[in-house]
Undergrad: 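Can you read through this structure? Questions will come right after.
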Amino acid sequence: MNAMQHTATGMRLPPVVNRILFVKSLPYKISAEDMYDIFGKYGAIRQIRLGTSNTTRGTAYVVYEDIFEAKNACESLNGFQVAGRYLIVLYHQPKKLGK
Amino acid sequence: VPPELVNASRWQADIEMRNRPITDQELDELLPSDGYTILEPPTSYKPV
């Protein structure tokens, strides 16, 4: 799958699309290698934050360097099966702070 | 300048703005840090 054309050939992105993906229903004991293996296939990863407390376990934030790669990863990995669980991949919507 | 070119440059600017590199500090503002650990990229990881 060649890297998508990034030039502005009318390639518009809905505002919801951004480079930070929020991932749910991950296996609790998933390793950094697995995380980088699964998500790294879609593009260069800026950072991964894995939930480790009992309220955040099974979730993670995956930040990509490029917005098109994040979009591609989100669409391809939603419903991807890892250790018998179907991944849920959403765009992170940071709550607007300072109201 | 034909309108579609104006649009294209506006979208390009929008995308470039949304694609600018994120600083660690910005990440800390955007993402929770309590309850989450930042994973170290494994040595075998080579960015695509």
Side-chain angles (χ1 to χ4, degrees), chain A residues 1 3 6-22 30-73 92-98, chain B:
Chain A
M1 194 178 59
H6 291 183
T7 51
T9 48
M11 171 73 101
R12 284 206 55 193
L13 287 176
V16 73
V17 174
N18 68 68
R19 284 169 294 177
I20 306 177
L21 303 183
F22 181 56
I30 192 160
S31 67
E33 284 74 20
D34 290 344
M35 286 298 285
Y36 270 87
D37 187 36
I38 296 167
F39 292 93
K41 272 200 279 299
Y42 294 90
I45 290 181
R46 170 74 177 79
Q47 187 184 81
I48 297 183
R49 292 189 184 206
L50 187 64
T52 45
S53 75
N54 40 29
T55 51
T56 60
R57 243 207 313 260
T59 67
Y61 288 96
V62 177
V63 188
Y64 280 88
E65 302 271 2
D66 179 84
I67 196 164
F68 291 97
E69 288 164 359
K71 178 171 183 292
N72 188 23
H92 175 50
Q93 305 299 338
K95 289 174 281 309
K96 287 289 163 273
L97 309 175
Chain B
V1 174
E4 63 278 2
L5 265 191
V6 170
N7 280 345
S9 60
R10 204 163 353 104
W11 292 332
Q12 178 65 17
D14 166 57
I15 286 167
E16 257 151 32
M17 206 285 294
R18 286 158 73 175
N19 234 3
R20 72 196 185 303
I22 317 174
T23 62
D24 286 343
Q25 202 241 338
E26 264 175 311
L27 280 177
D28 288 341
E29 277 157 22
L30 286 167
L31 298 178
S33 21
D34 44 14
Y36 284 89
T37 45
I38 298 176
L39 296 186
E40 279 310 312
T43 44
S44 56
Y45 173 61
K46 284 173 300 310
V48 169

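Here is how names work: the chains are called A, B, and so on, in the same order as the sequence lines, proteins then strands, and each is numbered from 1.
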Undergrad: A:Q47 and B:I22: side chain to side chain contact (heavy atoms under 4.5 Å, CB included), yes or no, with the steps?
TA: CA-CA 10 Å; A:Q47 187 184 81; B:I22 317 174; over 6 Å; no

Undergrad: Does any non-hydrogen side-chain atom of B:R18 lie less than 4.5 Å from one of A:V17?
TA: yes

Undergrad: Specify the closest pair of heavy atoms between A:I67 and B:N19, including all atoms of both residues, with the distance to one decimal.
TA: N-OD1, 2.8 Å

Undergrad: If I compare all heavy atoms of A:H92 with all of B:L30, which pair ends up nearest, and what's the gap?
TA: NE2-O, 3.1 Å

Undergrad: If you compare all heavy atoms of B:D24 against all heavy atoms of A:R46, which two are closest, and at what distance to 0.1 Å?
TA: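 What the structure gives for the nearest pair is OD1-NH2, 2.6 Å.
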
Undergrad: Do A:T59 and B:Y36 have a side chain donor and acceptor closer than 3.5 Å?
TA: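 Yes - a donor-acceptor pair under 3.5 Å links their side chains.
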
Undergrad: Can you tell me how far the CG atom of B:L39 sits from the CG atom of A:L50, to the nearest 0.5 Å?
TA: 5.0 Å

Undergrad: Grab the two heavy atoms, one from B:P32 and one from A:R49, that are nearest each other, plus how far apart they are.
TA: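 Looking at all heavy atoms of both residues, the closest pair is O-NH1, 3.2 Å.
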
Undergrad: Could you tell me whether the side chain of A:I45 reaches within less than 4.5 Å of the side chain of B:Y45, counting heavy atoms only?
TA: yes

Undergrad: Just do the side chain to side chain contact (heavy atoms under 4.5 Å, CB included) check on A:V63 and B:L31 with the steps written out, would you?
TA: CA-CA 10 Å; A:V63 188; B:L31 298 178; 3.8 Å; yes

Undergrad: Against chain A, label B:T43 side chain, backbone, both or neither, depending on which of its atoms sit under 4.5 Å from a heavy atom there.
TA: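 For B:T43, neither part sits under 4.5 Å from chain A.
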
Undergrad: Should the heavy atoms of other residues, nucleotides or ligands under 6.0 Å from CD of B:Q25 be counted, would the total exceed 12?
TA: no

Undergrad: Please look at A:T52 and chain B and tell me whether the side chain, the backbone, both or neither of the residue comes under 4.5 angstrom of a heavy atom of that chain.
TA: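 When you check distances to chain B, atoms from both the backbone and side chain of A:T52 fall under 4.5 Å.
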
Undergrad: Please determine whether side chain to side chain contact (heavy atoms under 4.5 Å, CB included) holds for the pair B:L27 and A:Y61, giving the CA-CA distance in whole Å, both sets of side-chain angles, and the decisive distance to 0.1 Å.
TA: CA-CA 10 Å; B:L27 280 177; A:Y61 288 96; over 6 Å; no

Undergrad: Against chain A, label B:E16 side chain, backbone, both or neither, depending on which of its atoms sit under 4.5 Å from a heavy atom there.
TA: neither

Undergrad: Please state whether the side chain, the backbone, both or neither of A:A70 comes within less than 4.5 Å of a heavy atom of chain B.
TA: neither

